[in-house]
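First up is the structure itself, then whatever we jot down about it.
None of these values were measured; they are calculated from a predicted model. Whatever order the structure lists them in is the order used to number ligands and atoms, beginning at 1.
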Amino acid sequence: MATHWEEFYSSHLPPIDFEDNRKLLQEFCERHNENNEKIVLITSGGTTVPLEHNTVRFVDNFSAGTRGAASAEYFLEHGYVTIFMHRLKSLEPFTRHFNGQKFMDMLDLNERGPNTTITVRPDGVDVLAPILSRYKAAQDNGRILYVNFTTVSDYFWLLRAVCECLAQFGARALLYLAAAVSDFYVPANQIPTHKMQSGGGPPNIQLQLVPKLLAPLVSLWVPLAFVVSFKLETDESILISKSRDALNKYKHKLVVGNMLQTRRTKVVFVTPDNNYELILSREQVHNGMEIEEIIVSNVVANHLDYIKIQKY
Ligand code: PAZ
């Protein structure tokens, strides 16, 4: 009998650019595996749930991809090659620092007809230079690959394809699953082809549970990898118990629990042995420190210990 997740794949088509992405992933992983690199997959941003095949309306969630985009920069600093699997148009590493009007405000325009030039203001250079330098290092040395998804079904297809490529890294692969993946969806065979019409009265939309991909991911796809999942709650009294339930059920290495309201300054690490909090102090916040810096260095320390144990 097919499992819930197998049924999902057999009833949802892969995204249009799936084969192109698969080739990029294979090439990227083979090249870096030959060099014995450590690799991280970061998933980031929220998935959508379309309500029509020609999608005008969809269910979405709050995630902007801040956690994933910031974490990618810190993993690169720790020497990891990085697959950044993100929601299309969500935040990306490096460019995230220049959202909105910030970038335009750093530039000066000198209009001289065909000789018009654009220069970066001196105070902009101080901000841009260090970020540009890290961006170029990652890009020019081919250390980061960007792949994107929009719907929960795109996410499923891409995640499995990435895992197929990561398996060859064994314990050197780290999965950092920070995307906010919908728990509910409407199966493809239950949504209309065209835009829903209000003339038909209020629509009756029946959401179903999405299969939990962590189960095959941990036990079948990348059994040697160091897998970290994130758990978001809004009710603090259930955060640790839900995180531990996930760890017990899927038997991966670490759950990072966070509350919607405090996720920028506080997380809890739930491991098979214990729980501990990582908290940014007021002073650290004031100095512009990001919690992802400490999350990533703690995750990396745990991953390095794990690699050592696997070798003996
Ligand atoms: O994208 P963001 O920085 O605004 O939020 C990050 C987050 C809360 C989505 C992430 O830390 C997380 O908890 N992801 C898993 C969500 C869940 O499925 O429980």
Practice task
Starting from atom 9 (C) of ligand 1, locate the nearest protein heavy atom and write down its residue, its atom name and how far away it is, to 0.1 Å.
Solution key: A178 O, 3.6 Å
Problem - Name of the residue among F226, F75, F169 meeting ring-ring contact (aromatic ring centres under 6.0 Å, His included) with Y80 - result: F75
Practice task
Could you tell me whether the side chain of E292 and the main chain of G68 form a donor-acceptor pair under 3.5 Å?
Solution key: no
Handout entry: Among D273, N275, N274, side chain to side chain donor-acceptor pair (under 3.5 Å) partner for T271
Key = N274
Problem - Closest approach of any protein heavy atom to atom 11 (O) of ligand 1, naming residue and atom - result: N258 OD1, 2.7 Å
Exercise for the section: For atom 12 (C) of ligand 1, find the nearest protein heavy atom and state the residue, atom name and distance (0.1 Å precision). Expected result: F230 CB, 3.6 Å
Completion exercise
Of all protein heavy atoms, the one nearest atom 1 (O) of ligand 1 is S63 OG, 2.6 Å
Practice task
I would like to know whether E27 and H32 meet side chain to side chain donor-acceptor pair (under 3.5 Å); could you show each step before the answer?
Solution key: CA-CA 9 Å; E27 187 278 328; H32 287 296; over 6 Å; no
Handout entry: Distance-only N or O hit between ligand 1 and R67, under 3.5 Å
Key = yes
Practice task
If you have a sec, work out which protein heavy atom is nearest atom 17 (C) of ligand 1 and how many Å separate them, to one decimal?
Solution key: L232 N, 3.8 Å
Practice task
Using modelled atom types only, decide if a donor and an acceptor are shared between the side chain of R264 and the backbone of L280 within a distance under 3.5 Å.
Solution key: no
Completion exercise
In this structure, atom 2 (P) of ligand 1 is nearest to the protein heavy atom R264 NH2, 3.7 Å
